[in-house]
Amino acid sequence: MNDANDNLADSKPGRFVDEIVLEDLARDTFGRPLLTRFPPEPNGYLHIGHAKSICLNFGVAALHPDGRCNLRFDDTNPAAEDEEFVEAIQEDVRWLGFQWNGEVKFASDYFEQLYEWAEKLIREGKAYVDSQSLEQIRENRGNFYKPGIPSPDRDRSVEENLDLFRRMRAGEFEEGQYVLRAKIDMQSKDLKLRDPVMYRIRKVPHHRTGDEWCIYPMYDWAHGQSDAIEGITHSICTLEFQNHRGLYEWFLEALGIEKPPKQIEFARLNLTYTVLSKRKLQQLVEGGHVSGWDDPRMPTLAGMRRRGVPPAAIRNFCDRIGVSRKDGVVDVGLLEHEIREELNRTAPRRMAVLRPLRVVIENFPEGEALEVEVQNNPERPEEGTRKLLFTREVFIERDDFMEVPMKKWFRLSPGAEVRLRGACIIRCNEVVKDASGEIVELRCTWDEQSKGGAPADGRKIKGTLHWVSAAHAVDAEVRLYDRLFHSENPAGEENFLEHLNPESLEVIEGAKLEPSLGELAVGEVVQFERLGYFARDRESTADGRPVFNRTITLKDSWAKIAKSGA
RNA sequence: UCCGGGAUCGUCUAAUGGUAGGACGGCGGACUUUGGAUCCGCUAAUGAAGGUUCGAGCCCUUCUCCCGGAACCA
């Protein structure tokens, strides 16, 4: 290090948005405090892609003392939206660790103001009621290479427009009969400026305004104006809205809004082995490919929460990937890394055997128990220790025994010695099989001088296994989750559903847990030593067994050795 | 053929005219009562061609490739 700044500039990726904000604040572009907003449409559950936007919007605001971020529901399409999502979204934002400015906002709160502004534009000759059909409007809009053709209604009088628009609101017309359009420029190279639709008639009750309205504003008409009403300074959205910026600015200008909000676009998140489009996620749910929006395999915040992913891991991930205008695909391994990193710091260690193999310690007295003390988290000694009972019969992982060991195999095999974590050293003397040749039990002896796991003579014991006392074990169901897709880019496949990973869920019925896990609270995450991180699920099986979801495995360097050796 | 964006290690991202750096991954090693963690090392990039400059990833020109745009969705 030849420069202390090297450490400061360090590893945190930049956010170009921060620089824009800094500049605007320096020259007081807006004459009001920094205000961003997170504007979900309440028509689905939030996912990891939304988390990027949330972290950005709230994060930018948090960088400045007067900075705030609103939560505003963009609820302008009653046909798609539902109260169910309004609740869920708020819960997800809070869970992620953010607090919005004041009350929750709704675009529907501004319907009246929007309506008045629309009349104002009509009076100024900047909007008109069009009676063309949807098809005609589309046809007359032209295309990338062909200019549009003005609607026959384009020069309707202000009086007639006002009358028609008021009657639209009053419900005198059928859906599709009329729309209100902004009168801009049918020749514009920016197709969004070819007289965009502002209002359509929809005789559908709205989740908040009920039957009060039968005309609803389009996104472009509602969004920028909602920003203006709230005093938003920086309206941060994803790249696909770049094409809307001209229109966003046109409306604000036409209304004479002073110091209008500034729209800034960034690249939305894409993740390998993951789909993030609302429609595809919905297909997964409705097609029964997952158990619901909060299935632990879903990239939804609800799913990740249930899986055991800590919110801090998601926040750190969002910091890590940075924010730019370049669309790319983030390796899901980076998310997994952040999850492991966070959980390694915070998750208490426990022992659990997924696929039990009975081990009988022949020289250990029947009916007796040896009390051993193990650390709750070697990473954080301050979290103390707990007591475990070691007995004559214990379970170890079937995967930890190999009758004919491979090279570099440090675990148990006939004649070999291993340590049972925190307890003692055992040697395998005999393999007991059933009639079909399957191994049913191991007969072992223990080294009485190795209580706690340390050999009295200091000999090296390379393998350490986790174990559970057979007499004290709690039975559990454990759900092992893996990536939902085996295609790196499922969204890019002809039919993404054909690329579902058939092994994304494996249910283990007969897992054996150390006793303390029987009482773990729902949602708590622990490390099953040597296996991975597991969260207690809200579902329990009929017989009252606890259910655990695997959040993520530990890194498994043995898997690599075994693979290369094979 | 139009308009708007974007191109830096395999991936994400810094460097804002002055030594192309970090993270993830991969590879190798040390250590280890989790084959975990930790630590160390290595690997690997400026889309192309010209130009300006003492000096270009950065500025200019041309080209190439990628993404978005022709909803009464957001």
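So that the names make sense, note that chain A is the first sequence line, chain B the second, and so on, each numbered from 1. Note that the structure is a prediction, hence the values are computed from the model and not measured. Just so you know, these numbers use all the heavy atoms, side chains as well, and skip hydrogens, waters and symmetry mates.
- Contact annotation: A/Lys462 side-chain N/O to B/rU32 OP1/OP2 distance is not under 4.0 Å.
- Within a heavy-atom distance below 4.0 Å of RNA chain B, the residues of residues 169-186 of chain A found are A/Gly176, A/Val179.
- Base-pair partner of B/rG50: B/rC60 (Watson-Crick or G-U wobble, both distances under 3.5 Å).
- Taking only side-chain nitrogens and oxygens, A/Lys555 comes nearer than 4.0 Å to OP1 or OP2 of B/rA37.
- For B/rA71, one of the phosphate oxygens OP1 or OP2 lies less than 4.0 angstrom from a side-chain nitrogen or oxygen of A/Arg138.
- Nearest nucleotide to the side chain of A/Leu134, out of B/rA70, B/rG35, B/rC72: B/rC72.
- Put simply, A/Ser324 has no side-chain N or O that comes within less than 4.0 Å of OP1 or OP2 on B/rC12.
- Among B/rG35, B/rA70, B/rU34, the nucleotide with an atom closest to any side-chain atom of A/Arg349 is B/rU34.
- Checking B/rU34 for Watson-Crick or G-U wobble geometry (two distances, each under 3.5 Å) identifies no partner in any strand.
- Residue A/Lys192 has no polar side-chain atom (N or O) positioned under 4.0 Å from OP1 or OP2 of B/rC3.
- Aromatic ring orientation, A/Phe165 versus A/Tyr115: parallel (interplanar angle below 30°, classes split at 30° and 60°).
- B/rU8 makes up no base pair with any nucleotide shown, lacking Watson-Crick or G-U wobble contacts both under 3.5 Å.
- Residue A/Lys189 places none of its side-chain N or O atoms closer than 4.0 Å to OP1 or OP2 of B/rG69.
- A/Arg200 has no side-chain polar atom (N or O) that falls below the 4.0 Å cut-off from OP1 or OP2 of B/rA71.
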